[in-house]
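Okay, structure first, notes after.
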Amino acid sequence: MEIINLDKVSFNWQDILARLSKGRRKSSSEDMVVTAERACKEGLPALHMQSVIEVYEKIDLLDGCLVLSLGGGAKEKLLVGPRAGYLVPAEKVAVVLNTVGSGLVALMQDYSQKKDYLMMYCLDLIGVQALAEVSSNARKYVESMAEKMGCGVGPSMQPGSVNGWGVDGQSHLYRLGHGEKIGLKLNEAAFLVPHISNSAVIGLGADYSENKVGSMCHECPRREECLWRRENVE
């Protein structure tokens with residue numbers, strides 16, 4: 001198991017302002033400028049960006065179920081669903097969990113109670129972008145692992161974002177990936193808490209032709225309303 005910390009982000013308040021103003025015909029208002037700057041001043045120090053990665057040997061893939069070795073002869077079936085074929089070339093599987101921490105979410109809740117919704121939205125933009133960067137950092141780590149093994153990598157597959165693999169699958173990844181090690185919890189609906197967090201599995205194997213972890217956005221049923229895509233993909 002590896003725990004990875006990300007100490008800083010690559011964006012600043014001007015980038016948040018640009019995302020806040022995206023699609024507007026008018027120039028940014030003074031209130032938007034002040035709020036974007038204040039959101040970064042308060043929100044960036046509240047980030048606690050971490051990833052935890054656990055790697056398992058793949059034993060088999062049967063009827064959409066990934067069979068993993070837990071060591072000592074123990075094994076576990078992980079139901080991935082009809083898109084499990086993306087894991088056919090895998091020899092090992094990395095279970096990855098990422099979070100921006102609870103501090104930013106608490107700050108958002110505070111401004112929600114104050115009914116300062118513009119500030120809350122700017123903080124949410126910070127969280128979405130920060131989660132994208134901590135997730136990217138974790139993918140790069142998996143890519144470096146694969147390179148050392150002399151193999152390639154498959155796409156990042158997230159429960160709730162892959163057809164046929166519901167968000168309830170996140171409960172298994174939470175346990176297999178030791179989400180508690182980075183302060184994560186699960187609610188009754190199998191969503192990670194704090195909510196600006198995610199989980200994924202990534203296959204590693206010699207039969208993968210790619211050395212960069214790919215996206216499953218084209219499979220996601222929430223593709224059109226995804227905030228991350230709206231803010232980051234033209």
Side-chain angles (χ1 to χ4, degrees), residues 1-10 49-100 130-165 169-170 172-182 184 192 197-220 228 232-233:
M1 180 184 68
E2 295 289 341
I3 295 176
I4 306 166
N5 294 288
L6 185 63
D7 297 325
K8 60 182 180 179
V9 295
S10 66
M49 300 175 289
Q50 289 186 297
S51 303
V52 60
I53 301 173
E54 183 67 276
V55 179
Y56 293 93
E57 296 280 346
K58 187 189 86 175
I59 298 175
D60 208 344
L61 191 62
L62 300 168
D63 299 323
C65 283
L66 187 62
V67 184
L68 302 175
S69 170
L70 303 183
K75 59 185 179 181
E76 180 164 336
K77 289 183 178 180
L78 177 63
L79 180 62
V80 178
R83 296 306 190 227
Y86 284 99
L87 293 165
V88 167
E91 299 164 21
K92 296 178 183 288
V93 174
V95 177
V96 184
L97 292 104
N98 306 293
T99 185
V100 303
L131 184 61
E133 294 199 6
V134 71
S135 300
S136 175
N137 189 57
R139 290 194 297 271
K140 289 176 183 177
Y141 186 88
V142 174
E143 290 163 3
S144 69
M145 289 173 52
E147 184 179 13
K148 291 174 184 176
M149 292 166 52
C151 62
V153 291
S156 176
M157 303 178 68
Q158 296 180 242
S161 299
V162 177
N163 285 329
W165 192 17
Q170 198 154 235
H172 302 291
L173 298 192
Y174 172 82
R175 180 170 44 79
L176 290 167
H178 314 292
E180 75 281 356
K181 297 294 185 181
I182 56 172
L184 291 173
L192 293 171
S197 308
N198 63 26
S199 63
V201 294
I202 302 170
L204 300 85
D207 289 336
Y208 281 115
S209 59
E210 300 294 329
N211 57 15
K212 298 293 182 184
V213 175
S215 166
M216 292 289 290
C217 285
H218 62 286
E219 292 276 353
C220 182
W228 185 87
N232 294 280
V233 179

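Hydrogens, waters and symmetry mates are skipped; everything else that's a heavy atom, side chains included, is used. This one's a predicted model, so the numbers in the text were calculated from it and none came from an experiment.
Counted by atom type alone, N137 and S51 present zero donor-acceptor pairs between their side chains at under 3.5 Å.
Closest of all the heavy-atom pairs between A206 and C151 is N-CB, 3.4 Å. Residue S10 comes nearest to E133 through the heavy atom pair OG-OE2, 2.5 Å, listed as atom of the first residue, atom of the second, then distance. When all heavy atoms of Q50 and N5 are compared, the pair lying nearest together is NE2-OD1, 2.9 Å. In terms of heavy atoms, N98 sits closest to A138 at OD1-CB, 3.4 Å. Of all non-hydrogen atoms in S156 and V213, the two that sit nearest each other are N-CG1, 3.5 Å. Looking at every heavy atom in both residues, V9 comes nearest to A130 through CG1-CB, 4.3 Å.
One N or O on the side chain of S135 and one on the backbone of L131 form a donor-acceptor pair closer than 3.5 Å. A side-chain donor-acceptor contact under 3.5 Å links S144 to the backbone of Y141.
To the nearest 0.5 angstrom, L184 atom CG is 12.0 Å from L173 atom CG. Atom CZ in R175 sits 12.0 Å away from atom CG in L97 (nearest 0.5 Å). With rounding to the nearest 0.5 Å, the separation of CG in L204 from CD in E57 is 10.5 Å. One finds the CD1 atom of I182 at 7.5 Å from the CD1 atom of I3 (value rounded to the nearest 0.5 Å). For the atom pair CD (E54) and CG (L70), the distance works out to 9.5 Å, reported to the nearest 0.5 Å. For the atom pair M49 CE and D7 CG, the distance stands at 7.0 Å (nearest 0.5 Å).
Looking at heavy atoms from C-beta onward, Y208 lies in side-chain contact with L87 at the 4.5 angstrom threshold. For the pair M149/K92, a side-chain contact is recorded, criterion being any heavy-atom separation below 4.5 Å from C-beta on. Counting heavy atoms from C-beta outward, Y56 and L78 have side chains that stay 4.5 Å or more apart. Contact annotation: the side chain of I53 approaches that of I4 to within less than 4.5 Å [non-hydrogen atoms, C-beta and beyond].
For the pairing with S199, the side-chain contact (heavy atoms from CB on, under 4.5 Å) check across Q158, H172, Q170 returns one residue only, Q170.
Heavy-atom neighbours of E91 CD from other residues, nucleotides or ligands within 6.0 Å: above the threshold of 12.
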